[in-house]
*Asks:* 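Sharing a structure below in structure tokens format, with a few things to ask.
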There are 2 protein chains.
Amino acid sequence: MTMSNTGGRRKPPTIHDVAREAGVSRGTVSRVLNGGHYVSPTAQEAVNAAIRKTGYVVNRHARSLITGRSDSIGFLLTEPQERFFEDPNFNVLLSGCTKALAAHDIPLLLMLAGTRDERRRITRYITAGHVDGVLLVSSHSGDPVADELREAGVPLVQCGKPMGLGSKVSYVAADDRDGARDMVRHLLSLGRRRIGVVSGPLDTPGGVDRLAGYKEVLTEAGVEIDERLIVSGDYSRASGEAGTERLLAQAPDMDALFVASDLMAQGALTALHRAGRRVPEDVSVGGFDDSSAATEATPALTTVRQPYDRISAEMVRLLLAQIGGEDPAAVILPTELVKREST
Amino acid sequence: MTMSNTGGRRKPPTIHDVAREAGVSRGTVSRVLNGGHYVSPTAQEAVNAAIRKTGYVVNRHARSLITGRSDSIGFLLTEPQERFFEDPNFNVLLSGCTKALAAHDIPLLLMLAGTRDERRRITRYITAGHVDGVLLVSSHSGDPVADELREAGVPLVQCGKPMGLGSKVSYVAADDRDGARDMVRHLLSLGRRRIGVVSGPLDTPGGVDRLAGYKEVLTEAGVEIDERLIVSGDYSRASGEAGTERLLAQAPDMDALFVASDLMAQGALTALHRAGRRVPEDVSVGGFDDSSAATEATPALTTVRQPYDRISAEMVRLLLAQIGGEDPAAVILPTELVKREST
DNA sequence: CATGCTTCTGTGAGCGTTCACAGTAGAGAA
DNA sequence: TTCTCTACTGTGAACGCTCACAGAAGCATG
């Protein structure tokens with residue numbers, strides 16, 4: 001990347017130009033820019049007018065050089081990228097975080113670290129201080145990138161409960177266990193008793209908690225827990241399809257199915273359809289997430305809504321707080337049962 | 001955002017530290033960093049060793065301050081965000097651009113400009129020089145943001161052919177017309193003659209070109225063009241469903257259907273299924289894009305693949321060239337017919 | 001009148017780079 | 001020898017901002 005571009009942008013006004021225009025000093029303009037304390041109303045007014053007139057916008061590089069912060073944050077995905085492509089939730093999360101940050105005038109840098117090399121490069125980039133903090137999406141058990149960043153003292157907020165239960169980890173998650181409980185109670189209320197489950201990966205807290213909620217409600221209701229009704233997948237559509245086939249083979253009398261993600265539920269629907277089971281007449285199906293996959297499925301999926309808009313907002317709030325010096329914190333948000341055609 | 005964070009990152013080494021370590025001057029280190037011309041092999045070696053030893057990473061803010069460029073680029077989406085959520089192609093494009101830029105060590109800033117306010121804020125941000133260039137995704141007819149940026153002399157590359165055919169516009173697009181031709185020829189080769197089409201929006205070049213390809217092939221083949229077999233949608237799933245219903249009402253003898261996007265084709269499948277038409281036995285269905293929607297559909301969609309990986313790579317190449325002072329250019333990439341179960 | 005306090009303002013220094021320039025050393029040509 | 005040319009290296013200035021500090025002005029208190 002060499003300089004010069006055909007369009008010929010002319011150089012923008014500096015804080016000096018604004019100061020001259022307003023008849024004050026650089027320092028005063030800077031104070032107005034950063035909160036405006038200890039500035040007389042007169043000066044305040046003059047500076048604002050000058051800013052409008054000159055079209056001044058602060059040079060963030062110059063600011064960052066002296067403050068030592070970049071006023072930008074990274075959105076880091078350490079999953080293999082296929083998941084990113086497939087799962088509609090990422091979009092919602094990503095866009096939610098982008099907008100929440102935009103409200104603070106903080107740009108979001110997208111960082112995809114699927115391969116080993118990319119991970120190294122990005123870790124280096126982050127620890128070099130090129131971003132002030134990181135929003136991390138990773139359902140991995142023990143994510144080495146996360147550990148490395150934490151060790152380097154980089155403010156970090158994770159989406160979803162992380163595995164290693166270190167208390168110094170900030171994260172935001174939906175109440176997986178409670179959501180699962182709601183869903184299974186709902187299935188029970190429909191008179192179903194042979195309820196199968198395709199859980200998430202059991203090396204992630206999310207996967208574990210949803211399965212725990214399932215077992216808990218069945219036990220409470222006095223329904224026997226049958227291991228033949230339990231399989232686990234990896235949240236992908238394909239694994240939902242395969243898992244459901246296994247369940248149908250192991251427990252042909254299954255009359256309901258709780259699938260731990262909408263994407264897997266889509267796969268489940270395909271498998272049930274192929275096996276000639278009608279949904280919801282023969283088998284009631286419940287998903288998890290309330291992603292766009294839920295409404296696109298036929299029949300539309302009853303599911304557990306994760307409040308992604310609130311999750312992204314909380315992630316940003318927590319991260320900014322942490323950058324501001326506060327201690328890491330965890331936030332668990334309530335889920336909501338959304339009833340549609342599949343139950 | 002105030003300073004200080006609990007973790008306490010210690011301040012990173014500067015170019016000065018490296019220079020001292022290597023026993024050379026700042027200037028020499030800088031030269032090594034930027035290409036290494038006019039540096040003796042001895043010094044080169046010493047500097048590289050010092051960089052490794054100190055773990056030095058260049059401070060991009062200081063560099064940007066003096067060079068005037070930010071070494072970062074913006075990925076701008078001016079569509080309403082629902083499209084972003086729904087369309088799997090965006091993910092592929094976004095991730096492709098991110099990786100192509102990563103190869104040049106250039107971070108990507110995600111910018112979502114759905115609302116009027118966001119558009120203003122982002123335009124301001126960009127024209128202030130906080131990014132060196134913009135990758136724009138917008139199928140809008142005449143995008144006001146694009147015009148404004150171009151006027152301000154901001155290097156810009158658009159995805160998809162823009163409407164106003166100004167020659168100073170850089171863009172990368174798939175060969176829509178040719179892709180459509182391939183698909184319709186394929187349908188004809190199956191013996192189908194009553195071929196319906198759900199086109200894209202006709203105020204976009206992409207929509208127009210795909211329809212043109214359709215008409216062209218039919219005319220060549222001596223098949224009469226029946227206006228009752230032509231409707232248009234907006235690339236959304238819902239519009240595909242509605243359009244297909246209209247076609248079925250207007251032309252019940254339709255035996256094939258060319259849908260201008262996979263997402264709309266999913267909707268078409270739903271409508272056909274509801275009408276009791278079997279796919280592909282009664283009606284052959286062809287889509288466009290080869291997005292993940294194509295393989296997820298049942299039956300899997302025959303479609304026209306847009307080479308999204310190459311598109312994103314070309315967009316980045318063109319943008320960097322433009323930043324380097326070259327003139328805007330257009331690139332049209334070939335499509336490929338992918339045959340699956342729906343035809 | 002001096003003193004202190006509060007509110008406000010201007011000034012110089014410096015953040016970590018790159019860039020232009022000056023300068024050195026060595027090789028080859030006149 | 002002396003000059004020129006090439007290959008390389010060091011140095012000061014500047015980029016645009018924030019921060020610490022010094023100082024001014026106004027007002028109350030001793």
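Order of the sequence lines sets the chain letters (A, B, ...), proteins ahead of strands, with each chain counted from 1.
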*Asks:* Atom NE2 of H37(A) and atom P of dT9(C): how far apart are they, to the nearest Å?
*Replies:*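 Rounding to the nearest Å, NE2 of H37(A) and P of dT9(C) are 14 Å apart.
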*Asks:* Return yes if some donor-acceptor pair links the side-chain N/O of S70(A) with the main-chain N/O of H130(A) below 3.5 Å, else return no.
*Replies:*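 Confirmed, S70(A) side chain pairs with H130(A) backbone.
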*Asks:* For the atom pair CD1 (I126(B)) and CD1 (I122(B)), what is the distance rounded to the nearest 0.5 Å?
*Replies:*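 So the CD1 of I126(B) and the CD1 of I122(B) are separated by 6.5 Å.
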*Asks:* Closer than 4.0 Å, any side-chain N/O of T14(B) to the OP1 or OP2 of dG16(C)?
*Replies:*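 No, because none of the side-chain N or O atoms of T14(B) sits under 4.0 Å from OP1 or OP2 of dG16(C).
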*Asks:* CZ of R69(A) versus P of dG16(C): gap in Å, rounded?
*Replies:*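 Computing the R69(A):CZ to dG16(C):P distance gives 15 Å.
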*Asks:* Need two values: the first and the last nucleotide of DNA chain D, 5' to 3', having an atom under 4.0 Å from any heavy-atom of chain B.
*Replies:*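 Terminal contacting nucleotides, 5' to 3': dC8(D) to dG16(D).
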*Asks:* Nearest whole Å is fine: how far is dT18(C) P from H16(B) NE2?
*Replies:*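 The distance from NE2 of H16(B) to P of dT18(C) comes to 14 Å, rounded to the nearest Å.
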*Asks:* Using a strict heavy-atom distance below 4.0 Å, which residues from residues 43-61 of chain A are in contact with DNA chain C?
*Replies:*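 Within residues 43-61 of chain A, the residues near DNA chain C are A43(A).
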*Asks:* Answer yes or no: is there an ion pair linking E118(A) with R121(A), defined by an N-O contact shorter than 4.0 Å?
*Replies:*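 Answer for the salt bridge query: no.
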*Asks:* Apply side chain to side chain contact (heavy atoms under 4.5 Å, CB included) to E148(A) and list each qualifying residue two or more places apart in sequence or on a separate chain.
*Replies:*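 So E148(A) forms a side chain to side chain contact (heavy atoms under 4.5 Å, CB included) with T123(A).
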*Asks:* Do any side-chain atoms of residues 16-23 of chain A form donor-acceptor pairs under 3.5 angstrom with protein atoms, and if so which ones, sequence neighbours left out?
*Replies:*
{"unit_1": "D17(A)", "atom_1": "OD1", "unit_2": "R20(A)", "atom_2": "NH2", "d": "2.9"}
{"unit_1": "D17(A)", "atom_1": "OD2", "unit_2": "T14(A)", "atom_2": "N", "d": "2.8"}
{"unit_1": "E21(A)", "atom_1": "OE2", "unit_2": "K53(A)", "atom_2": "NZ", "d": "2.8"}

*Asks:* Are side-chain heavy atoms of C159(B) and M315(B) found at a separation under 4.5 Å?
*Replies:*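 Sidechains of M315(B) and C159(B): in contact.
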*Asks:* Between R124(B) and D105(A) (salt bridge meaning N to carboxylate O under 4.0 Å), is one present in this structure?
*Replies:*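 No, R124(B) and D105(A) are not salt-bridged.
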*Asks:* When the distance from CG of N34(B) to P of dA20(C) is rounded to whole Å, what number comes out?
*Replies:*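 So the two atoms are 12 Å apart, to the nearest Å.
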*Asks:* State, to the nearest 10°, the angle formed by the axis through the first five base pairs of the helix from dC1(C)-dG30(D) to dA30(C)-dT1(D) and the axis through its last five.
*Replies:*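 It works out to 60° between the end axes.
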*Asks:* Just wondering, do L135(A) and L101(A) contact through their side chains at under 4.5 Å, heavy atoms?
*Replies:*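 Yes. Closest side-chain heavy atoms under 4.5 Å.
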*Asks:* Under 4.5 Å between any side-chain heavy atoms of L77(B) and M111(B), yes or no?
*Replies:*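 Heavy-atom side-chain distance check fails, nothing below 4.5 Å.
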*Asks:* For residues V137(B) and T78(B), determine if any side-chain heavy atom of one lies less than 4.5 Å from a side-chain heavy atom of the other.
*Replies:*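 A side-chain contact is absent here, since even the closest heavy-atom pair is not under 4.5 Å.
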*Asks:* Quick one: are L112(A) and F75(A) in side-chain contact, heavy atoms under 4.5 Å?
*Replies:*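 Contact flag for L112(A)/F75(A) side chains = no.
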*Asks:* Any luck finding a side-chain donor-acceptor pair between Q322(B) and S170(B) under 3.5 Å?
*Replies:*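 Result is yes, a qualifying pair exists.
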*Asks:* Determine whether Y125(B) and P107(A) make a side-chain contact, defined as any pair of heavy atoms from C-beta on separated by less than 4.5 Å.
*Replies:*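 Result yes, sub-4.5 Å side-chain heavy-atom pair found.
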*Asks:* Provide, to the nearest angstrom, the distance between the CG atom belonging to L65(A) and the P atom belonging to dT18(C).
*Replies:*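 About 12 Å, once rounded to whole Å.
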*Asks:* With a 4.0 Å heavy-atom cut-off, tell me which residues in residues 26-33 of chain B come close to DNA chain D, sorted by residue number.
*Replies:*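 Within this stretch, R26(B), G27(B), T28(B), R31(B) sit under 4.0 Å of the strand.
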